[in-house]
Amino acid sequence: YCRRPLLIALCLTAAVAVMIKASYLDPMEFIREAPAGPIAIFVLVVFGFIALAYYIGGKRVLKFNLSETLREDTML
């Protein structure tokens with residue numbers, strides 16, 4: 001499961017490379033004009049939300065006694 005996002009990103013990168021080649025565009029011209037700032041902000045926001053989800057989930061899991069929870073087979 002953890003390799004799936006990497007595979008998707010690799011496929012998208014390959015698709016962009018093919019599109020740049022098909023349009024006869026200089027790759028450096030594309031890289032100079034690419035919106036790096038907004039993309040970086042978006043990536044940081046996504047990582048922030050993931051970290052927040054892990055933090056909230058960790059706090060909820062740590063509230064329970066693991067051995068008791070596994071014995072009862074319920075988690076509230």
Worksheet item: Got a sec, which residues hit side chain to side chain contact (heavy atoms under 4.5 Å, CB included) with Val46, two or more places apart in sequence or on another chain?
Response: Phe42, Ile50
Worksheet item: Got a second to check how far Phe49's CZ is from Ile56's CD1, nearest 0.5 Å?
Response: 10.0 Å
Practice prompt. Could you tell me the separation between the NZ atom of Lys63 and the NZ atom of Lys59, rounded to the nearest 0.5 Å?
Written response: 9.0 Å
Worksheet entry | Which residues share a side chain to side chain contact (heavy atoms under 4.5 Å, CB included) with Ile20, sequence neighbours left out | Val16, Leu25, Pro27, Phe30
Worksheet item: Who pairs with Pro35 by side chain to side chain contact (heavy atoms under 4.5 Å, CB included), at least two apart in sequence or on another chain?
Response: Pro38, Ile39
Practice prompt. Any chance you could measure Leu12, atom CG, to Ile8, atom CD1, to the nearest 0.5 Å?
Written response: 7.5 Å
